[in-house]
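The structure under discussion appears below in the form of structure tokens.
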Amino acid sequence: MSRSTQHSNSTDRNGTTNQPPDGPAARRGPVVAALMLGMALAALDSTIIATAVPQIVGDLGGFAVFSWLFSGYLLAVTVTLPVYGKLSDTYGRKPILVTGIALFLLGSLACAGAWNMASLIAFRVLQGLGGGALQGTVQTIAADLYPMKERPKIQSKLSSVWAASSVAGPGLGGLLTSYGDWRWIFLVNLPVGAVALWLILRHFHDTHRDRPATTGRARVDWPGALAVFATGGLLLTALVQGGTAWPWLSAPSLLLLAGSALAAAATVLIERRAAEPIIPGWVWRRRTISAVNLALGALGLLMVAPTVFLPTYAQSVLGLGPIAAGFVLSVMTLSWPISAAFSSRVYNRVGIRNCALLGIGAAALVLLAFPLLPYPGAAWQPALLMLALGAALGLFQLPLIIGVQSSVGYAERGTATASILFCRQVGQSLGAALFGAIANATLNDRLTHAPAAIRTGLPHDLDAVSRALQHAGALTARAADYLRRAVDTTVEHVYLGAATAAALAFLTVLLLAPRRFPVHTDAGPAGAETDPAPTDAAPTARNTAGRSTAGTADSADAQPPADHRPTG
């Protein structure tokens with residue numbers, strides 16, 4: 001019997017046949033198109049609303065709370081990622097993705113009909129509940145459909161869609177708002193989502209595998225899910241609003257942080273006793289997954305520097321307009337997917353861990369080079385650095401994601417993928433809070449020590465400084481130059497912090513990640529010939545239970561979780 005036949009007809013220890021989620025004869029093209037449309041929806045809605053805020057506030061009011069249009073969506077996406085990951089492993093990918101698209105479209109339709117700011121924020125949270133299912137499940141299905149050798153191609157396509165949609169979002173939002181109504185930025189989701197939903201229902205055949213036959217019906221740890229919601233919601237609210245809506249050492253911040261700590265302790269207790277925990281202990285016990293989670297958390301943290309602070313630098317220091325400033329940032333999204341697609345050639349030669357170390361090491365050097373740029377400099381200089389940063393991070397992120405997805409079987413892949421995305425999202429929220437504090441401290445110091453002749457009338461925060469420099473005619477030449485230098489110094493300090501985060505990611509991969517990533521025997525789509533493992537991967541051995549144990553390369557990964565141990 002051929003290896004592919006063995007793979008497609010394997011049975012688990014309870015006698016349940018392991019069927020493929022989609023065989024090689026299935027038409028993957030329409031499914032991939034649906035995944036790309038779903039990814040575009042999730043990415044577009046994270047940025048498209050940015051340029052429509054003035055019109056929304058002018059129509060609905062609520063200027064004091066409009067930031068929750070972004071924060072509410074981010075919170076809902078982040079805290080639902082681990083829940084949807086577990087549910088996709090329990091019930092299969094298709095129902096979770098269909099539910100996610102339906103919730104997203106329902107939220108979009110409701111947002112278009114919002115009658116005040118409170119209702120719009122609530123409907124944005126509903127959108128986020130669907131967006132969490134879209135982000136995690138799309139990545140997981142892509143890993144299910146393609147063997148390890150082909151995953152860089154499909155993942156780079158998804159990365160390209162995400163990058164293009166994120167960059168196009170503000171421009172599309174401005175276009176729809178200028179020539180129509182802000183409500184169209186939500187209505188435009190409906191036809192795109194409807195096509196994605198139809199393609200999934202029509203062409204994606206997800207046969208759920210590995211559900212134990214003895215349990216009868218799947219058990220979902222709903223108390224654990226609520227605890228995860230509470231922990232993530234309280235923590236992210238503290239990080240997003242702290243230093244903005246209220247001071248860091250104020251009662252709201254301290255209460256939220258204390259509440260998140262208590263909720264985290266309750267989550268640990270609940271998850272340890274649950275039969276099917278939302279966040280299983282093996283996510284953190286296996287070096288392969290825990291190291292990648294921590295490393296990509298650091299990636300999320302460092303990404304705040306270019307995405308949040310570079311546009312301000314380009315407009316305030318270089319004097320560029322919004323479109324040109326966006327281009328300086330967007331060049332990173334050109335090199336990232338190209339580098340990610342090329343990464344398989346690198347990690348097949350030097351190994352996944354070494355490829356990731358090469359990428360994040362180069363990223364740290366690029367971030368350290370930013371403070372060396374001349375003042376005021378030319379636009380091509382930071383653009384060139386962002387091009388190099390995208391290329392470096394493409395070599396870092398994608399191999400680690402593929403390494404984790406390939407180290408687990410179908411029944412664990414949704415949870416493992418969601419844990420990666422969850423940690424990256426939390427890293428971004430932590431980075432926004434941390435680097436926001438660094439920026440405010442630096443800028444306040446510069447403004448406090450401004451020469452007495454220009455100190456009177458100077459703005460007191462980064463947003464106010466940016467607005468003042470956009471109307472520099474109201475400032476003296478000396479004051480304008482001092483403010484530009486203050487912004488330049490502020491962003492330099494943020495980039496130094498980002499370089500520190502890159503160094504932490506480097507050390508995490510170097511010290512915690514296994515030298516050889518284990519490869520599960522059903523890492524590719526069942527019914528298809530499994531790829532040979534890359535040079536650093538330890539192929540897994542199928543045991544008598546029809547499950548796989550991890551390879552011998554890493555002792556921490558070699559021990560399967562308790563429910564994967566062979567019975568004889």
Side-chain angles (χ1 to χ4, degrees), residues 50 53-54 63-64 66-67 70-71 238-254 301-302 304-322 324-325 328-329 367-379 381-382 385 429-501:
V53 166
F63 177 81
F66 82 87
S67 63
F70 307 92
S71 302
L239 294 176
V240 169
Q241 297 297 105
T244 303
W246 49 71
W248 278 109
L249 296 180
S250 64
S253 285
L254 296 177
L301 193 151
L302 74 86
V304 172
T307 56
V308 175
F309 291 93
L310 184 63
T312 298
Y313 170 87
Q315 294 183 68
S316 300
V317 178
L318 302 182
L320 302 179
V328 172
L329 174 62
L367 292 168
L368 284 172
F370 188 89
L372 302 178
L373 292 178
Y375 172 86
Q381 294 167 334
L385 288 184
S429 299
L430 180 60
L434 177 61
F435 293 143
I438 292 174
N440 288 333
T442 302
L443 191 62
N444 285 335
D445 179 74
R446 297 289 294 170
L447 294 176
T448 301
H449 294 88
I454 64 171
R455 189 178 305 164
T456 304
L458 288 180
H460 298 288
D461 60 65
L462 189 59
D463 289 337
V465 169
S466 299
R467 289 193 295 270
L469 288 174
Q470 289 175 5
H471 305 88
L475 300 170
T476 65
R478 186 181 178 190
D481 182 70
Y482 187 86
L483 289 179
R484 290 191 181 94
R485 289 184 181 274
V487 173
D488 181 66
T489 302
T490 297
V491 178
E492 285 178 358
H493 287 183
V494 169
Y495 267 78
L496 289 175
T500 303

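Numbers for residues simply follow the sequence, beginning at 1. Hydrogens, waters and symmetry mates are skipped; everything else that's a heavy atom, side chains included, is used.
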Considering all heavy atoms, the nearest [X]-[Y] contact:
{"X": "Val487", "Y": "Ser316", "answer": "CG1-CB, 4.0 Å"}
{"X": "Leu443", "Y": "Ala486", "answer": "CD1-CB, 3.8 Å"}
{"X": "Leu318", "Y": "Pro376", "answer": "CD2-O, 2.8 Å"}
{"X": "Gly431", "Y": "Leu301", "answer": "CA-CG, 3.8 Å"}
{"X": "Ala379", "Y": "Val328", "answer": "O-CG2, 4.2 Å"}
{"X": "Leu302", "Y": "Ala501", "answer": "CB-CB, 3.9 Å"}

Nearest-0.5 Å distance, [atom1] of residue [X] to [atom2] of residue [Y]:
{"X": "Phe435", "Y": "Leu430", "atom1": "CZ", "atom2": "CG", "answer": "8.5 Å"}
{"X": "Leu447", "Y": "Leu483", "atom1": "CG", "atom2": "CG", "answer": "6.5 Å"}
{"X": "Asn444", "Y": "His449", "atom1": "CG", "atom2": "NE2", "answer": "11.5 Å"}
{"X": "Leu368", "Y": "Glu492", "atom1": "CG", "atom2": "CD", "answer": "12.0 Å"}
{"X": "Thr442", "Y": "Leu496", "atom1": "OG1", "atom2": "CG", "answer": "9.5 Å"}

Query raised in the report: Got more than 12 heavy atoms from elsewhere within 6.0 Å of CG, Leu372?
Result: yes

Query raised in the report: Is there a side-chain contact between Thr312 and Val491, using heavy atoms and a 4.5 Å cut-off?
Result: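 Thr312 does not reach Val491 side chain to side chain.
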
Query raised in the report: With a 4.5 Å limit on heavy-atom distance, are the side chains of Tyr495 and Tyr313 in contact?
Result: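 Not touching, per the 4.5 Å side-chain cut-off.
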
Query raised in the report: So which of Arg484, Arg478, Arg485 actually passes salt bridge (charged side-chain N to carboxylate O under 4.0 Å, His left out) with Asp481?
Result: Arg485

Report task. Output yes when a side-chain donor or acceptor of Ser253 lies under 3.5 Å from a complementary backbone atom of Leu249, and no otherwise. Result ->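 Flag not set: sc Ser253 to bb Leu249 has no pair under 3.5 Å.
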
